[in-house]
Novice: 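Before I ask anything, here is the structure I am working with.
By convention in this document, chain letters (A, B, ...) are assigned in the order of the sequence lines, proteins followed by strands, and residues within each chain are numbered from 1.
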4 protein chains.
Amino acid sequence: MEIKKDKKINKINNNQLFRRDIILTAALEIFAQRGYQKALVTEIARRAGVSEATIYKEFKDKEDLLHAIPEKIMPEATSQLALHMQGIKGALNKFRKFLWFYLYFFETNKDWATVVLLQIKPNPRFIKTTAYQLIRKFTRILIDILEEGKQEETIRKNLDNNLARHIIIGGIEHITTRWLLLGKPRSILSYADELFELFVRAFGSENAYKPDL
Amino acid sequence: MEIKKDKKINKINNNQLFRRDIILTAALEIFAQRGYQKALVTEIARRAGVSEATIYKEFKDKEDLLHAIPEKIMPEATSQLALHMQGIKGALNKFRKFLWFYLYFFETNKDWATVVLLQIKPNPRFIKTTAYQLIRKFTRILIDILEEGKQEETIRKNLDNNLARHIIIGGIEHITTRWLLLGKPRSILSYADELFELFVRAFGSENAYKPDL
Amino acid sequence: MEIKKDKKINKINNNQLFRRDIILTAALEIFAQRGYQKALVTEIARRAGVSEATIYKEFKDKEDLLHAIPEKIMPEATSQLALHMQGIKGALNKFRKFLWFYLYFFETNKDWATVVLLQIKPNPRFIKTTAYQLIRKFTRILIDILEEGKQEETIRKNLDNNLARHIIIGGIEHITTRWLLLGKPRSILSYADELFELFVRAFGSENAYKPDL
Amino acid sequence: MEIKKDKKINKINNNQLFRRDIILTAALEIFAQRGYQKALVTEIARRAGVSEATIYKEFKDKEDLLHAIPEKIMPEATSQLALHMQGIKGALNKFRKFLWFYLYFFETNKDWATVVLLQIKPNPRFIKTTAYQLIRKFTRILIDILEEGKQEETIRKNLDNNLARHIIIGGIEHITTRWLLLGKPRSILSYADELFELFVRAFGSENAYKPDL
DNA sequence: GATGAATGAGGCTTCATTCAT
DNA sequence: GATGAATGAAGCCTCATTCAT
């Protein structure tokens, strides 16, 4: 009897987690297609195959639903990145991979790129959300790589990590935003190597700097 | 009689231009405070001291009003920049000034920064507007500076101008966006020199590159 | 379970049909009182005891609501007429009844008369609506009666059915329109016999024509 | 000096009369094209080549402008009809001409037909206007013809003039309304002879009635 | 626990009318 | 006397959210 009960509870919890994911997936698609304001909760509910009331069971309001999306995506991104980082030695090699992955993840998750860059980040409430913390945590990996580079003496010790992060993330996101808005076919992944070269010139120590990189 | 008529016409035109400016100024403030969606046309009208109907005489609809703001600001920015550029020789010196000015203009026009970075640029329709063309034209100045540097051989000839623009504009706008959202007191102008150093390392030729810049 | 479901569906359908009828009844009253343009959707909603949003669930817009009224009334009129026609033999007798019913229906449904004659029929979009088809279908009954009369040889074979319809319907509606606008107390039903006499003179064959009718 | 003044006053009055006519002509066109509600006063002013304020100098409001149109058209129609009636003897011949003229005037003044049948007559205020009196006066001519026919004994003495007027005017206007709304190419004038035949059967005395008319 | 019908609340936009010039 | 720029006033319609079933 007890076991049965537990099973039921687990099942329910699983269903609920599952349901939450389904809603978030639907929301991501609709927000990407229509934009946050023009997206209708009704439409998200329909796409998710649940009722509107169910959405309001899971999320406080429409904005909460928007900000919950990164809570689903970022852990996935983080674990994928961790996997990609395995077996890579040297800060610069890790940095190159990081650039590649950031672009790769946007390119292969265009809806996500659209929603996070055009709808979540420009929202003034974004910085107060858990989503903001998760994204900070992700870019913290970049800071760690830069620090590792400083230890290795392949990255200049006097580099301001924050400033570096600004131009790395800012640059990548600017590229991605134009790619999204202009609908250009060129793969943004193709920028990875050139970006790496530029950034190594900017951040690298004498040791690391190779004019004919 | 003719003179009288002309005067009248001039006055009317002046009033209309004046009125248009007043509305745009009010709209800039309200959009910056509330965001585009939450901004009320009523509130903009009240702030501008005109009726709502007058706004709709000047602008097709609320979105047209949003996109008309850059058409007022960008020419001002461009002419101010032109003034600042006078008497400066050398592509790197011009580039330093450009960085400074971009940050300076955002810092001293915070409402503009808020509206253009958080409301206009993320809007998918932005790239179809005249505003987009005006902003492109402004960043074209940056490209010209980079080209001049290539001529002087202070900028690497193999630098991809577009990529450079992405990380320069992307970097500056990322800094500004965080400054706006986090409400940090630190002046973004203080980033100018460090940014210049980083970018010269990234873009400069052997001639230009000075480790102890 | 299935039965329950069906019951629920039926109930919902019934409610929806019911609700639609209630709205249409309210709309008919308000349109008749105020005219289409001056009628407020708010007022119709209040009279119907529903919210405005509910009205827009049922009807695309205010004009759709107007043109939906005949879709409710005309089938009622048609079935009532069918009932009245039962047990009547001879085209002229049927024709007399038709005239009587047309006037009777307007007289006893004054709001309907007001809305159809003063608001729906003068609307240029009317002829593109389903409502137009329903009303055509109703007057088709008149054509059938005239045809029957030709078979019987009580109606002239060379009568142009369309022309006859024009002066019958035109005549009745002119009478009704003046009655509505002038607010005269005289029952329009009292015109039935005289109209019949006139029309029989006009349309009847030698057999049917009786000077002392 | 006095003479000069008088001339000036006359000129002004003439101008004003002229101006009033120009506005009414413009209004007729715009009302016919767009319908009363959708017609903009601005548009009428532009078409008339005057300012909106001038329109409000001449007419109390938009509705007054609508009802002023018949005050311009009906006297024209009346005098044209009078001319056409000259040299015609016999009530039935006059009646035939009347039918012809009514259709002819609508056919050659389609804008007028549109405005009077679809916009003025369905307006509840119509019967309180001078326009209504003018139109009554015009149809009075029909009554006079019928009376003349009774004197001549070509029209039945027991004919109810009002009822006859209803089916004559109602019939013609029904034909014209369908012609306007359906945009059929067939000339409505072609109905004149058939209508005459029908009406003579309906109204004519034994003397007048000719089966093989 | 899930539903989805119903709505409350409010925004954008329009246009007849006026009045300062 | 004529203008036409300015507006006051209001209406249609939308949609996130809730609650009775």
Novice: Counting side-chain heavy atoms from CB outward, which of F:dT3, E:dG11, E:dT7 is closest to C:Lys57?
Specialist: E:dT7
Novice: Decide side-chain hydrogen bond (donor to acceptor under 3.5 Å, both in side chains) for A:Thr42 and A:Glu52; before the verdict, give the C-alpha distance in whole Å, the side-chain angles of both, and the deciding distance to 0.1 Å.
Specialist: CA-CA 6 Å; A:Thr42 305; A:Glu52 287 150 284; 2.9 Å; yes
Novice: If every non-hydrogen atom of C:Ala32 is compared with every non-hydrogen atom of C:Thr114, which pair is closest and at what distance?
Specialist: O-CG2, 3.8 Å
Novice: What nucleotide, of E:dG8, F:dT7, F:dA16, holds the atom closest to the side chain of B:Ala53?
Specialist: F:dT7
Novice: Using atom CD of B:Gln37 as one end and atom C1' of E:dG10 as the other, report the distance to the nearest whole Å.
Specialist: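 Between C1' of E:dG10 and CD of B:Gln37: 14 Å.
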Novice: Do any N or O atoms from the side chain of B:Lys121 and from the backbone of B:Ile127 form a donor-acceptor pair under 3.5 angstrom?
Specialist: no
Novice: What are the two closest heavy atoms between A:Val50 and A:Arg19, and how far apart are they?
Specialist: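 Shortest heavy-atom separation between A:Val50 and A:Arg19 comes out as CG1-CG, 4.3 Å.
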Novice: Using atom CD1 of B:Ile23 as one end and atom P of F:dT7 as the other, report the distance to the nearest whole Å.
Specialist: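 Those two atoms, CD1 and P, are 9 Å apart.
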Novice: Atom CD1 of B:Ile44 to atom P of E:dT13: distance rounded to whole Å?
Specialist: 11 Å
Novice: Dump the intermediate steps for side-chain hydrogen bond (donor to acceptor under 3.5 Å, both in side chains) on A:Gln33 and A:Asp111, then the final yes or no.
Specialist: CA-CA 8 Å; A:Gln33 279 174 32; A:Asp111 284 351; over 6 Å; no
Novice: Round to a whole Å and report the spacing from CZ of D:Phe31 to P of E:dC15.
Specialist: 14 Å
Novice: Determine the minimum heavy-atom distance between B:Phe31 and B:Ala39, stating which atoms define it.
Specialist: CD2-CB, 3.5 Å
Novice: When the distance from CG of A:Asp64 to P of F:dT17 is rounded to whole Å, what number comes out?
Specialist: 10 Å
Novice: If each of B:Glu52 and D:Glu63 is mapped to the nucleotide of DNA chain E with the nearest heavy atom, which maps nearer the 5' terminus, i.e. the 5' end?
Specialist: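 The 5'-side residue here is B:Glu52.
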Novice: Is DNA chain F part of any stem, that is, at least 3 consecutive Watson-Crick or G-U pairs with both distances under 3.5 Å, and where?
Specialist: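 In DNA chain F, stems of three or more pairs: E:2-21 with F:2-21.
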Novice: How long is the line joining NZ of A:Lys60 and C1' of F:dT18, in whole Å?
Specialist: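 Interatomic distance, NZ of A:Lys60 to C1' of F:dT18: 15 Å.
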Novice: Quick one: D:Leu65 CG to E:dC15 C1', roughly how many Å, whole number?
Specialist: 15 Å
Novice: Rounded to whole Å, how long is the line connecting atom CG of B:Leu40 with atom P of E:dA9?
Specialist: 17 Å
Novice: For C:Ala39, answer base if it contacts any base atom (sugar-phosphate contacts may also be present), sugar-phosphate if it contacts only those atoms, and nothing otherwise; contact means non-hydrogen atoms under 4.0 Å.
Specialist: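 Sugar-phosphate, backbone atoms only, no base.
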Novice: Where the side chain of C:Val41 is concerned, which of F:dA2, E:dT17, F:dC12 is the nearest nucleotide?
Specialist: F:dC12
Novice: Need to verify one output field. Residue with the more 5' nearest nucleotide on DNA chain E, D:Lys62 or A:Ser51?
Specialist: A:Ser51
Novice: Do any side-chain nitrogens or oxygens of A:Arg19 fall under 4.0 Å of OP1 or OP2 in E:dG1?
Specialist: no
Novice: Does the side chain of A:Thr54 get closer than 4.0 angstrom to OP1 or OP2 of E:dA2 through an N or O atom?
Specialist: no
Novice: Would you tell me if any nitrogen or oxygen in the side chain of D:Tyr56 comes within less than 4.0 Å of OP1 or OP2 on E:dT18?
Specialist: no
Novice: In this structure, are over 12 heavy atoms from other groups packed under 6.0 Å from D:Arg125 atom CZ?
Specialist: no
